[in-house]
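Position 1 is the first residue of the sequence; numbering continues from there. Atoms within a ligand are numbered from 1 in the order they appear, just like the ligands themselves.
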Amino acid sequence: MGHSSHNTCAVALAISCLIVAASAGSFYDEMDITFGGERAKISNGGQDLSLSLDQYSGSGFQSKHEYLFGRFDMQLKLVPGNSAGTVTTFYLSSQGAGHDEIDFEFLGNTTGSPYTIHTNVYSQGKGDKEQQFHLWFDPTAAFHTYTIVWNAQRIIFLIDNIPVRVFNNHEAAGVPFPKSQPMRVYASLWNADDWATQGGRVKTDWKNAPFTAYYRKFNANADKVGPNSRSTSSVNDNQAWRTQGVDAAGRNRIRWVQNKHMIYNYCNDRTRFTNGLPAECKRSRFL
Ligand SMILES: *[C@@H]1O[C@H](CO)[C@@H](O)[C@H](O)[C@H]1NC(C)=O
């Protein structure tokens with residue numbers, strides 16, 4: 001299936017694919033600012049985007065296109081210094097009741113304490129599949145690449161191309177998997193000091209406002225849905241995401257991340273799931 005749509009794109013629609021490819025990555029072409037007004041700024045000819053947060057509002061943007069499966073890359077440089085109480089996000093979500101969602105959330109911290117990377121997957125409105133990590137680098141010092149691969153078999157979260165989490169499709173075991181609701185890309189910076197940092201104990205220090213996070217190099221290798229019909233957009237038209245899994249080297253990296261850097265895994269939380277762990281937790285070694 002993936003094969004034939006790829007060929008269609010490569011042969012019959014070669015010209016439109018090239019046009020799409022040329023525009024991929026410009027925030028002007030790809031994104032709409034959704035809240036925060038002037039706090040969201042696109043600059044450098046569409047290559048850079050910054051979001052800021054002050055006492056009055058955060059800010060955010062969403063993709064103009066909707067997608068059904070793809071690989072989504074974004075580079076982020078997070079709020080430096082005392083970012084306690086702030087949450088920066090990069091995620092996919094469908095709309096309406098029973099929605100699907102695939103989340104990267106970056107929970108700020110006091111100066112010198114580590115950010116928490118929060119991941120979650122919602123299928124048909126139900127989440128409760130959190131995994132959290134600390135990072136092996138300072139995410140405020142430079143840009144790093146955060147990637148969501150979403151195909152029919154699995155969802156893979158990657159950081160600088162290192163897989164940190166895989167959520168496999170276990171529909172056969174009755175676990176809903178996001179596969180039929182188109183999703184947009186969303187990003188935001190907002191105040192969540194009621195829960196984000198050290199369980200909500202550390203509040204946002206507004207003396208440091210405005211807080212700013214930076215985004216660049218958005219790339220979607222993905223199947224678009226909607227008025228412009230199904231097509232792929234990408235810088236290099238790489239289709240590897242359609243069947244992407246985690247090979248032996250990737251499994252080693254994921255084990256390293258999960259052993260050294262994971263701080264929470266819902267699959268290990270027996271006090272929370274008193275009636276037994278979710279079905280997928282028993283079925284995959286790499287949750
Ligand atoms: C903040 O730092 C504390 C102490 O190192 C750590 O336990 C926590 O996971 C960090 N992240 C957040 C979001 O609180």
Side-chain angles (χ1 to χ4, degrees), residues 36 39 50-55 57-60 74-93 101-122 127-148 157-160 162-167 186-215 253-273 281 286-287:
R39 294 173 187 83
S50 63
L51 293 181
S52 67
L53 162 71
D54 58 38
Q55 259 167 294
S57 180
S59 51
M74 186 79 88
Q75 292 195 355
L76 274 88
K77 188 149 76 87
L78 301 176
V79 174
N82 183 359
S83 58
T86 72
V87 174
T88 306
T89 68
F90 165 51
Y91 64 103
L92 302 174
S93 182
E101 190 175 316
I102 305 170
D103 292 332
F104 261 123
E105 297 192 325
F106 305 86
L107 316 185
N109 220 328
T110 51
T111 306
S113 295
Y115 264 82
T116 292
I117 310 310
H118 174 99
T119 63
N120 203 355
V121 175
Y122 286 76
D128 298 334
K129 303 182 192 307
E130 301 86 353
Q131 286 186 358
Q132 296 184 334
F133 308 86
H134 285 162
L135 291 167
W136 50 96
F137 54 83
D138 175 0
T140 72
F143 282 94
H144 290 268
T145 305
Y146 302 87
T147 303
I148 296 168
F157 296 80
L158 304 104
I159 301 178
D160 292 333
I162 296 172
V164 299
R165 174 175 188 179
V166 179
F167 182 81
Y186 293 84
S188 57
L189 172 58
W190 50 293
N191 178 44
D193 66 1
D194 51 331
W195 61 270
T197 303
Q198 300 175 37
R201 288 190 301 280
V202 186
K203 301 298 175 193
T204 304
D205 185 350
W206 296 110
K207 286 201 298 291
N208 299 313
F211 302 94
T212 305
Y214 299 89
Y215 295 76
R253 301 314 295 273
I254 242 183
R255 263 184 227 116
W256 169 75
V257 171
Q258 301 212 346
N259 288 335
K260 297 271 194 270
H261 301 286
M262 180 182 274
I263 58 167
Y264 179 79
N265 182 357
Y266 76 111
C267 278
N268 295 334
D269 196 344
R270 291 180 188 279
T271 58
R272 176 177 175 193
F273 299 103
C281 295
F286 302 109
L287 291 157

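- Applying the salt bridge (charged side-chain N to carboxylate O under 4.0 Å, His left out) definition to pairs two or more places apart or across chains, none involves residues 191-202.
- The salt bridge (Lys or Arg N to Asp or Glu O under 4.0 Å) check on Arg253 picks up nothing, with sequence neighbours excluded.
- For Thr110, the side chain to side chain donor-acceptor pair (under 3.5 Å) test picks out Ser113, with sequence neighbours left out.
- Within 6.0 Å of the CZ atom in Arg270, the count of heavy atoms belonging to other residues, nucleotides or ligands does not exceed 12.
- Taking the six-membered ring for Trp and the full ring otherwise, the centers of Tyr146 and Phe106 sit less than 6.0 Å from each other.
- When heavy-atom distances to ligand 1 are checked against 4.0 Å, the residues falling inside are Leu107, Gly108, Asn109, Ser113, Pro114, Thr116, His134, Ala196, Thr197, Gln198, Ile263, ordered by chain and number.
- In this structure, the side chain of Asn191 does not engage the main chain of Thr86 through any donor-acceptor pair within 3.5 Å.
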